[in-house]
Trainee: 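So that we are looking at the same thing, I have put the structure below in structure tokens.
Below, all heavy atoms of this structure are taken into account, side chains as well, without hydrogens, waters or symmetry copies.
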There are 2 protein chains.
Amino acid sequence: NYFEMSYKHLKCITKRSRYVSKTATKSVSEFEYDAPSMKTAVPGPKSQELLRQLGEIQNVGAVHFFCNYEESRGNYLVDVDGNRMLDVYTQISSIPIGYNHPALMKVMTNPNNVSTFVNRPALGILPPENFPDKLIESLLSIAPSGMRRVQTMACGSCSNENAFKTMFIWYRNKERGYANPSEHEVDTCMINQSPGCPDLSILSFMGAFHGRTLGCLATTHSKAIHKLDIPSFDWPIAPFPKLQYPLEEFVRENAQEEARCLEEVEDLIVKWRQKGKPVAGIVIEPIQAEGGDNHASPDFFSKLRNIARKHGCAFHVDEVQTGGGTTGKFWGHEHWGLDDPADVVSFSKKLLTGGYYHRDELKPDKPYRIFNTWMGDPSKNLFLSEVLNVIRRENLLEVVTRSGKALLQGLYTLQTQYPHILSRARGQGTFCAIDACNDATRDSIMIKARNKGLFMGSCGEKTIRFRPALVFKEYHVHQLLNILNDVLAEHK
Amino acid sequence: NYFEMSYKHLKCITKRSRYVSKTATKSVSEFEYDAPSMKTAVPGPKSQELLRQLGEIQNVGAVHFFCNYEESRGNYLVDVDGNRMLDVYTQISSIPIGYNHPALMKVMTNPNNVSTFVNRPALGILPPENFPDKLIESLLSIAPSGMRRVQTMACGSCSNENAFKTMFIWYRNKERGYANPSEHEVDTCMINQSPGCPDLSILSFMGAFHGRTLGCLATTHSKAIHKLDIPSFDWPIAPFPKLQYPLEEFVRENAQEEARCLEEVEDLIVKWRQKGKPVAGIVIEPIQAEGGDNHASPDFFSKLRNIARKHGCAFHVDEVQTGGGTTGKFWGHEHWGLDDPADVVSFSKKLLTGGYYHRDELKPDKPYRIFNTWMGDPSKNLFLSEVLNVIRRENLLEVVTRSGKALLQGLYTLQTQYPHILSRARGQGTFCAIDACNDATRDSIMIKARNKGLFMGSCGEKTIRFRPALVFKEYHVHQLLNILNDVLAEHK
């Protein structure tokens, strides 16, 4: 029995950890802790010493604290000073089913898997025997509507970079009627010049985050510090709707705001075509995450998709943060209810491997156009297969939907209680957020909460974002809300 | 005893494999096979069936055959049809110490390591306790001359993209005297416009390969198919010396050719400064690999380094393919004999993790400027530490030097025997290459050799490149040369 094997193994390497009693009715997995437990302020003395050491090697200005991943369990992250925190940020939303899930430990202890970890192949030239099967049982089993083709990549930025390339290639092939490129195109591309390297563009939205490599960064507009001093492309940037909350009180205003943004999108497409830099693709997140958890209505996305089709632009939905079940559906765009929601869907983070799906018509016409040495990592696909098994077996999408409702309801209550501090509670599944009155208050709330054992993330200018793992149960929601309430009560 | 554990384990999962007798004097590791063994033409029927299946999901035009990585050992790659080939391409030069090395299997079976694989952290915000130590014992223990800072990344392209960003940030900080950016810069960068997103450039060389994401691709000029239809930057491209062989017969001509290229570099730097797109950095490979294994003299690199310094450009040496011991030294640039060879050195492939070293003065001034979700993968650092142990324990740099001499000597002999087919044998360590008279002949030689059990790579227009693992012994050199000789004899 693998579960027992890995469970014993878990016990053996974690003898210092405390276990939840099996008789408890709390809906936590039996391998998890039952609550946060704090020993020092965070970062504690051991974290501070390690910070000094790492500072000799790297910029450590973004480091919160150092972790003891061996001791971390489920929703609880343990730091090197022995502090155990309820983690609702989960490594920037990239831990799908909590820390040290027994099912993933099982993958590691299965001798059949060793070779996959030890021999990383160049997937584009020498794939392993089980590669088609593994893709079918993992990524293709959750493929977005209308998509049967998927390309794995190592990370989110590489996924988006290659998704952009796929759209450019598709667009130019359309333009030249699928004929071979001219000699002039072949020659000019070698020296970065048009027509071989054409002046095509990707339309993105203000507040978007699509990654930090140079191509991605040209579509990222969330914070100046990400972009300052880095050369970019003259690509069009449309406004993303700024919805007013509570939504039910601003139905007309929000509809007008979305219409304004869509009109601007069409104007930009026309303007950039006239400029000689046609829009080959539109890229958008179902919920702008890094930019401040900005939502738009299904109607907005549906109309945007139609605009893309009308103007011959590919429609790329970036699900790097929204994908993987956190909204209560596997893909954020499923909430739009469209039969034909996208041409390209990129992913990473909770899916453990990066990559993107695309429609058949966007498949590259020749080899080596979309290519690199590794093209992903089959050891991540192994983990993903097991994550998907757990999501199905433990009905985690339902768990997310249930916990998400409780979380959002709790945030509504808190903002009613503390209207001078909190506003704009919003979310889908457990992909929730709430705004503080300003960034200093937001940061202060986060630090106080952390010292009480609740680790959250921030985004936008003054937003707290909640990104728990899919194993975040209602019991954890209540822990979160209790701590947050304590912090706010003191703040008041 | 871990070694025994993992060795037994290896036996248990590979019961079908044949072992080399311990009494053999052949200098192969005891876990390896002793020779190629072919059952079908390559790709065989099982590979062809899998190719059809994978073709439903991805473009498979670059796939050679499907592999049985479980059965592969050391220098021998086994395919799904039971063919066992001497592999001198090693997953596009990315397998450092051969397939299924017992030391790496040991890493997998060590229970202390399980958590590192199962819980991938966001290294930039929540590093694991042992992260500084692991960096010190792995990457910093092999740091290039004058470098004490290193940033890990997921792959080669991300490493170069972030190395470019590091140089841009450094250059702009110099330009504005390390003052804070102006409000205008902060505003304009959000919309991709200068001065916030400045018109800076990276100078690269014709024939270079630095990756395929949009920033990297603007410095890649090896094959048109990589660049066609992808928008690019107007950045300067200098000629890379085209040396004539044998070197000793063309000393004067080659010195003139290198001087011509260096002169062009200086001209371009001046020209692009006048254009308003100053060169922030120069990027170069110690040996242009993908572009055709093009070498230049230490004198060329030394002068280029001086030109960079003279004009205030950072000097970035891309060691993604040359790094990791394959030239007989840990870094290709060590062969130049300079005290101060580079400002930035990027790596990936054989180092298993991507990343780059840089001088102290290039460290980013603020957090989140060089950042992404994962910033590498500590499980790759674990493997790298063990690879470095093996390199030291088994004196693999000496092995490479010895095998490289034997290989190059053998290639000289072959090109003397077959002067109408082969020319320009060249190399450093086992990083060797030879040209065929044309691409059709090159391709035909490679296919015939593969069917006799020798798997090689190609590069440039008509070049065969040899990229064996560091465990490639003289015994393997002789196998390689024997097969190549047989193929050429038939071709004659």
Trainee: Please determine, among B/Ser72, B/Pro181, B/Gly61, B/Pro128, the option with the most heavy-atom pairs under 4.5 Å with chain A.
Mentor: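 Most pairs with chain A among the choices: B/Pro128.
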Trainee: Mind ranking B/Gly215, B/Cys197, B/Pro364 by heavy-atom pairs under 4.5 Å with chain A and telling me who comes out on top?
Mentor: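 Heavy-atom pairs under 4.5 Å are most numerous for B/Cys197.
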Trainee: Do A/Leu54 and B/Leu135 come within less than 4.5 Å of each other through their side chains, counting heavy atoms only?
Mentor: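 In short, these two side chains touch, coming nearer than 4.5 Å.
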Trainee: So what's closer than 4.5 Å to chain A heavy atoms on B/Leu139: side chain, backbone, both or neither?
Mentor: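 Contact with chain A involves no heavy atom of B/Leu139 at all.
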Trainee: Measuring heavy-atom distances to chain B, does A/Phe383 have an atom under 4.5 Å in its side chain, in its backbone, in both, or in neither?
Mentor: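 Side chain only.
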Trainee: Any sub-3.5 Å donor-acceptor pair from A/Glu70's side-chain atoms to B/Ser115's backbone N or O?
Mentor: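 Checking the backbone N and O of B/Ser115 against the side chain of A/Glu70, no donor-acceptor pair under 3.5 Å is found.
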Trainee: Determine the option with the most heavy-atom pairs under 4.5 angstrom with chain A, choosing from B/Leu126, B/Thr373, B/Ile95.
Mentor: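 It is B/Leu126.
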Trainee: I'd like to know whether B/Ile237 forms a side-chain contact (heavy atoms from CB on, under 4.5 Å) with A/Ile191, so could you lay out the CA-CA distance, the side-chain angles of the two residues, the decisive distance to 0.1 Å, and finally the verdict.
Mentor: CA-CA 7 Å; B/Ile237 308 154; A/Ile191 52 169; 3.9 Å; yes
Trainee: For a side-chain contact (heavy atoms from CB on, under 4.5 Å) check, start with the C-alpha distance between B/Arg212 and A/Lys165, then their side-chain angles and the critical distance, and finish with the verdict.
Mentor: CA-CA 9 Å; B/Arg212 294 161 173 273; A/Lys165 287 172 65 171; 3.4 Å; yes
Trainee: Look at B/His358, B/Glu175, B/Met206, B/Arg120 and state which one has the largest set of heavy-atom pairs under 4.5 Å with chain A.
Mentor: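 So the answer, after comparing B/His358, B/Glu175, B/Met206, B/Arg120, is B/Arg120.
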Trainee: Look at atom CZ of B/Arg176 and say whether more than 12 heavy atoms of other residues, nucleotides or ligands are closer to it than 6.0 Å.
Mentor: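 It does: B/Arg176 CZ has more than 12 such atoms within range.
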Trainee: For the interface with chain A, which of B/Ile169, B/Ile370, B/Asn113 has the highest count of heavy-atom pairs at distances below 4.5 Å?
Mentor: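 When all of B/Ile169, B/Ile370, B/Asn113 are compared, B/Ile169 has the most.
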Trainee: Within the structure provided, determine whether A/Ile92 and B/Phe371 are in side-chain contact (heavy-atom separation under 4.5 Å).
Mentor: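 Answer yes - side chains close enough.
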Trainee: Look at A/Pro195, A/Ala122, A/Cys67 and state which one has the largest set of heavy-atom pairs under 4.5 Å with chain B.
Mentor: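 Max contact count across the listed options: A/Cys67.
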Trainee: Would you call A/Val150 and B/Ile57 a side-chain contact if the rule is heavy atoms closer than 4.5 Å?
Mentor: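 Answer yes - side chains close enough.
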Trainee: Should B/Leu214 and A/Phe233 be marked as a side-chain contact (heavy atoms from CB on, under 4.5 Å) after you check the CA-CA gap, both sets of side-chain angles, and the distance that decides it?
Mentor: CA-CA 10 Å; B/Leu214 267 65; A/Phe233 291 104; 3.9 Å; yes
Trainee: Among A/Tyr99, A/Phe65, A/Tyr89, which has the most heavy-atom pairs under 4.5 Å with chain B?
Mentor: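 Heavy-atom pair counts peak at A/Phe65.
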Trainee: Given heavy-atom pairs under 4.5 angstrom as the criterion, report whether the side chain, backbone, both or neither of A/Leu51 touches chain B.
Mentor: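 For A/Leu51, neither part sits under 4.5 Å from chain B.
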Trainee: Go through the side-chain N and O atoms of B/Asn100 and A/Asn119 and say whether any donor and acceptor fall under 3.5 Å apart.
Mentor: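 Yes, side-chain donor-acceptor contact under 3.5 Å.
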Trainee: With no hydrogens and no angle check, do the side chains of A/Asn59 and B/Lys366 hold a donor and an acceptor under 3.5 Å apart?
Mentor: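 There is no such pair between these side chains.
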Trainee: What part of A/Asp365 is in contact with chain B, defined as an atom under 4.5 angstrom from a non-hydrogen atom: side chain, backbone, both or neither?
Mentor: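 Contact with chain B: backbone only.
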Trainee: If you tally heavy-atom pairs under 4.5 Å against chain B, which of A/Gly211, A/Pro198, A/Ser194 wins?
Mentor: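 So the answer, after comparing A/Gly211, A/Pro198, A/Ser194, is A/Pro198.
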Trainee: In the structure I gave you, are the side-chain heavy atoms of B/Thr188 and A/Lys227 within less than 4.5 Å of one another anywhere?
Mentor: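 A side-chain contact under 4.5 Å is absent here.
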Trainee: Please determine whether side-chain contact (heavy atoms from CB on, under 4.5 Å) holds for the pair B/Lys380 and A/Asp377, giving the CA-CA distance in whole Å, both sets of side-chain angles, and the decisive distance to 0.1 Å.
Mentor: CA-CA 11 Å; B/Lys380 307 299 181 192; A/Asp377 184 340; 2.7 Å; yes
Trainee: Taking side chain as everything from C-beta outward and backbone as N, CA, C, O, which of these in B/Gln193 sits under 4.5 Å from a heavy atom of chain A? Side chain, backbone, both or neither.
Mentor: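 For B/Gln193, the side chain is the part near chain A, not the backbone.
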Trainee: Sorted by first residue and then second, give each salt bridge (charged side-chain N to carboxylate O under 4.0 Å, His left out) pair with at least one member in residues 122-131 of chain A; sequence neighbours left out.
Mentor: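 Salt bridge (charged side-chain N to carboxylate O under 4.0 Å, His left out) check on residues 122-131 of chain A returns A/Glu129-B/Lys46.
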Trainee: Looking at every heavy atom in both B/Pro127 and A/Tyr69, which two are closest together, and how far apart are they?
Mentor: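 Taking every non-hydrogen atom into account, C-CE1, 4.2 Å.
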Trainee: Given heavy-atom pairs under 4.5 angstrom as the criterion, report whether the side chain, backbone, both or neither of A/Leu228 touches chain B.
Mentor: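 When you check distances to chain B, atoms from both the backbone and side chain of A/Leu228 fall under 4.5 Å.
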Trainee: Taking every heavy-atom pair that is under 4.5 Å apart, which of A/His64, A/Gln58, A/Met108 has the most such pairs with chain B?
Mentor: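 Going by pairs under 4.5 Å, I would pick A/Gln58.
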Trainee: Could you tell me if the side chain of A/Cys158 sits less than 4.5 Å from the side chain of B/Cys155, heavy atoms only?
Mentor: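 Yes, at least one pair of side-chain atoms sits under 4.5 Å.
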Trainee: Hey, does the side chain of B/Asn192 reach the backbone of A/Asp234 with a donor-acceptor pair shorter than 3.5 angstrom?
Mentor: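 Checking the backbone N and O of A/Asp234 against the side chain of B/Asn192, no donor-acceptor pair under 3.5 Å is found.
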Trainee: Sub-3.5 Å donor-acceptor pair from the side chain of A/His221 to the main-chain atoms of B/Met190, do we have one?
Mentor: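 Confirmed, A/His221 side chain pairs with B/Met190 backbone.
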Trainee: Strictly under 6.0 Å, is that where the ring centroids of B/Phe66 and A/Phe131 end up?
Mentor: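 Not close enough - the centres of the two rings lie 6.0 Å or further apart.
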Trainee: Heavy atoms, side chains only, cut-off 4.5 Å: are A/Trp374 and B/Ser348 in contact?
Mentor: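 Answer yes - side chains close enough.
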Trainee: May I have the step-by-step check of salt bridge (charged side-chain N to carboxylate O under 4.0 Å, His left out) for A/Arg369 and B/Asp229, ending in yes or no?
Mentor: CA-CA 10 Å; A/Arg369 302 196 74 171; B/Asp229 298 341; 2.9 Å; yes
Trainee: Return the option, out of A/Pro121, A/Ser94, A/Ala154, with the maximum number of heavy-atom pairs under 4.5 Å with chain B.
Mentor: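 Greatest number of close heavy-atom pairs with chain B: A/Pro121.
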Trainee: Heavy-atom pairs under 4.5 Å with chain A - which of B/Thr213, B/Thr116, B/Leu104, B/Asn160 has more of them than the others?
Mentor: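 The residue among B/Thr213, B/Thr116, B/Leu104, B/Asn160 with the greatest pair count is B/Thr213.
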Trainee: Is chain A contacted by the side chain of B/Ser222, its backbone, both, or neither, given a heavy-atom distance below 4.5 Å?
Mentor: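 Backbone only.
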Trainee: Do the side chain of A/Arg149 and the main chain of B/Glu56 share a donor and acceptor less than 3.5 angstrom apart?
Mentor: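 Yes; judged by distance alone, with no hydrogens or angles, the pair exists.
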